[in-house]
Amino acid sequence: MVHNTKLKNNSRQLERNDSITLPLIIAFCIPVLLYVQTIAFELTQFDDKTIIIGNRSFLSHWGNVFQALLKDAFLLEKGSFYRPLQTISFMIDMQISGEKMWMFHCSNILIFGLISCFLFLVLRSIAIPTRLALFGTIIYCVHPLFISSVAWIPARGDLLLTLFSLLSFYSLLLYIQQNKKRFLVFHCLSFVFALFSKETAIVLPFLFIFYFFLKRSYKPIDKDYIICNVVNIFFILFWYFLRSKAIGIDHDQTKIIGFSAIYLNLQSIPEAIAQFGIPYSIAPIPSFTVFRSCLGSMFILIICFICIRNTSIHLKEKIFYLLWFLLLIIPPMLFKNLMIDYLNHRFFLPLPGILFLFLRLFPKKWLKNDDVSKPWIFVLVLSLVSLQSFISSKPYKNPLAFYTEVILKNKHSVFAYANKACIDEDNKDYAEAIIDFKNIITITPFDSKAYFQRANVFRLTTNYSAAIADYSKAISINPSYAQAYCNRAYTWECMKKNREAINDYTLAISYYRNYAQAYYGRANVEL
């Protein structure tokens, strides 16, 4: 009788193990197949060219692997981001494919597939039924909001952060359920890898400690878990030491870093919720809109109302899921680029908190009904969302397509117009570049740099009178614009007006005493 009971228990355990094999395969394959087209994509020239092509000599040599721990994400002396694990992963890609981008995209896709698997395992471990966990995982991973997380190579840091954060949380869940020390080791190591992937991981210990005591509050103090957190503190101090060596003082006036940036980024919270709830017209580089902010605020109120009214799970557990979202979305908000409102890939790790909450509150009675139409509803929803993501990821295939898509969905993005104009200029499509600069001037009439850059294009097309007019406008906006004086002088020179050229070169030198090009230009004219 005892033997038969053991056999039954073993067979049930085998069934449970086998029951997740197929879902895990599905969870991995669907996101990977969705984004496999990106392997043939080029760079977008949105940070990726600077990080990868601009640092190819560094990334090509394995001897620099330890130096990566002492460099910022752009491998500059002054920077704002510390992503050593991202840099090391790029070094691996560079060894395999050189300057060709297929391996960089392939790595993003494979990491994304692993994230999907661990998200599914986490969902099952927090008592979400297998079918619902698989549905939630796939819908999350094919969501159009996260296209940039996969198709845009510099999002690697967020992918690695999410992968190791989920692995760390899953290891903690296994330790709570089975009380085996090896899971604590995995929990600690995964946190360290997450920390060296992106700074956001610094808040993970607070989340994990909250969850641990939420589930183990009825038990005495766990010494092993205390030791684990002491080890985490040691690695945080070590990480902070290395980061302080790598990050210098960035004097870029287009960036704000610190708590003042949080205020400027607050609107991104309702925007994230709105786009997650209704994935419509998601731009690669979005901007704040009143509609999305109001919609997201309404969704937040609905979430709070449901949390208060629903008593199916403990209040502390609801708080944990909301804290997952709030605590993990705040660190990226400490940085503000004044040229960009926000970027969608920064929501990739915070939003699982909303997913956890939604699936835990999902009415279980809806799952008990064996209605044969439900699987087809799932397939239909999945197909529509996947199709949208598949089509929306195509603009990432090259720089021109990328910035054209940004402008199509964000018509007031000066940043996108400026970058597209530079691409058009490189492609010798000067007419299109002039249109781009005209759009920038329409949006920001007192942008001296836009007038200056359009004047450069006019000069290239030998439209010297238009170039002189734009250089003069740039100077009227910024009277100390030395480069504008110098370029206007060169244009005068092309028009054989040497006296005007000498005057402008002299003015350029008066505003910038060490302007070698201006001295050289004036000398040529005087000669």
Side-chain angles (χ1 to χ4, degrees), residues 45-47 49-50 53-54 74 76-78 250-255 337-339 399-400 403 407 412-527:
Q45 291 191 22
F46 176 37
D47 287 348
K49 186 176 181 180
T50 304
I53 303 301
F74 288 84
L76 302 172
E77 293 182 1
K78 299 175 182 179
D250 192 348
H251 296 287
D252 190 343
Q253 295 182 352
T254 64
K255 300 174 184 176
N337 187 324
L338 296 178
M339 299 293 291
L400 187 58
Y403 286 109
I407 292 168
H412 298 286
S413 176
V414 171
F415 177 83
Y417 280 118
N419 283 18
K420 181 176 178 292
C422 292
I423 295 167
D424 288 328
E425 193 173 343
D426 290 341
N427 294 335
K428 301 189 184 306
D429 190 351
Y430 299 125
E432 192 64 30
I434 289 170
I435 292 172
D436 291 330
F437 286 123
K438 180 182 177 181
N439 287 323
I440 295 174
I441 292 167
T442 302
I443 299 168
T444 54
F446 299 101
D447 188 344
S448 60
K449 188 176 180 181
Y451 283 103
F452 171 78
Q453 290 176 317
R454 187 173 69 172
N456 290 339
V457 178
F458 279 134
R459 195 185 74 226
L460 288 172
T461 60
T462 67
N463 189 348
Y464 297 130
S465 58
I468 292 293
D470 272 1
Y471 285 132
S472 300
K473 182 66 177 179
I475 290 167
S476 69
I477 297 170
N478 181 8
S480 60
Y481 204 156
Q483 195 174 0
Y485 284 114
C486 187
N487 284 25
R488 187 172 71 174
Y490 180 74
T491 308
W492 287 126
E493 194 177 342
C494 293
M495 298 171 70
K496 309 299 183 184
K497 295 187 177 182
N498 294 339
R499 184 175 300 278
E500 289 85 347
I502 290 173
N503 288 339
D504 274 348
Y505 281 129
T506 302
L507 285 168
I509 292 167
S510 70
Y511 288 111
Y512 180 26
R513 301 300 300 177
N514 298 320
Y515 204 163
Q517 185 181 351
Y519 283 108
Y520 179 79
R522 187 172 66 176
N524 278 337
V525 179
E526 288 172 341
L527 182 64

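For reference, positions follow the sequence shown, starting with 1. Scope of the values below: all heavy atoms of this structure, side chains included, with no hydrogens, waters or symmetry mates.
Between S413 atom OG and I443 atom CD1 the span is 7.5 Å, to the nearest 0.5 Å. One finds the CZ atom of F458 at 5.5 Å from the CG atom of D470 (value rounded to the nearest 0.5 Å). The OH atom of Y471 sits 3.5 Å away from the CG atom of N456 when rounded to the nearest 0.5 Å. The CG atom of D436 lies 11.5 Å from the CZ atom of R454; values are rounded to the nearest 0.5 Å. With rounding to the nearest 0.5 angstrom, the CG atom of L400 is 12.0 Å from the CG atom of N419. Between atom CG of residue N487 and atom CD1 of residue I475 there is a gap of 9.5 Å, rounded to the nearest 0.5 Å.
At least one side-chain heavy atom of T506 sits under 4.5 Å from a side-chain heavy atom of R522. At a threshold of 4.5 Å between non-hydrogen side-chain atoms, the residues V414 and N439 do not count as touching. With a 4.5 Å cut-off on side-chain heavy atoms, E432 and N427 do not count as touching.
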Practice problem: Run the numbers on Y490 and R459 for side chain to side chain donor-acceptor pair (under 3.5 Å), then give the verdict. | Solution: CA-CA 9 Å; Y490 180 74; R459 195 185 74 226; 5.9 Å; no
Quiz prompt | Stepwise side-chain contact (heavy atoms from CB on, under 4.5 Å) check, F46 with F415 | solution = CA-CA 10 Å; F46 176 37; F415 177 83; 3.5 Å; yes
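For the residue pair E493 and A501, the shortest heavy atom distance occurs at N-CB, 4.0 Å. What you find for F446 and I477 is that their closest heavy atoms are O-CG2, 3.5 Å. In this structure, K449 and Y481 approach most closely via the heavy-atom pair CA-OH, 3.9 Å. When every heavy atom of A421 is checked against every heavy atom of A433, the shortest pair comes out as O-CB, 3.7 Å. Residue S448 comes nearest to A474 through the heavy atom pair O-CB, 3.4 Å, listed as atom of the first residue, atom of the second, then distance. Heavy atoms only, all atoms of each residue included: Y403 and K420 are closest at CB-CB, 3.9 Å.
At most 12 non-hydrogen atoms from other residues, nucleotides or ligands lie less than 6.0 angstrom from CD of Q517.
Side-chain atoms of Y451 do not come within 3.5 Å of backbone N or O of A469 as any donor-acceptor pair. Side chain of Y512 to main chain of Q483: no donor-acceptor pair is present (N/O by atom type, distance under 3.5 Å, no hydrogens or angles). Panel note: side chain T444, backbone I441; no donor-acceptor pair is recorded below 3.5 Å.
Residues N503 and Y485 bring no donor and acceptor atom of their side chains to less than 3.5 Å of each other. A donor and an acceptor atom, one from each side chain of S480 and N478, are located under 3.5 Å apart.
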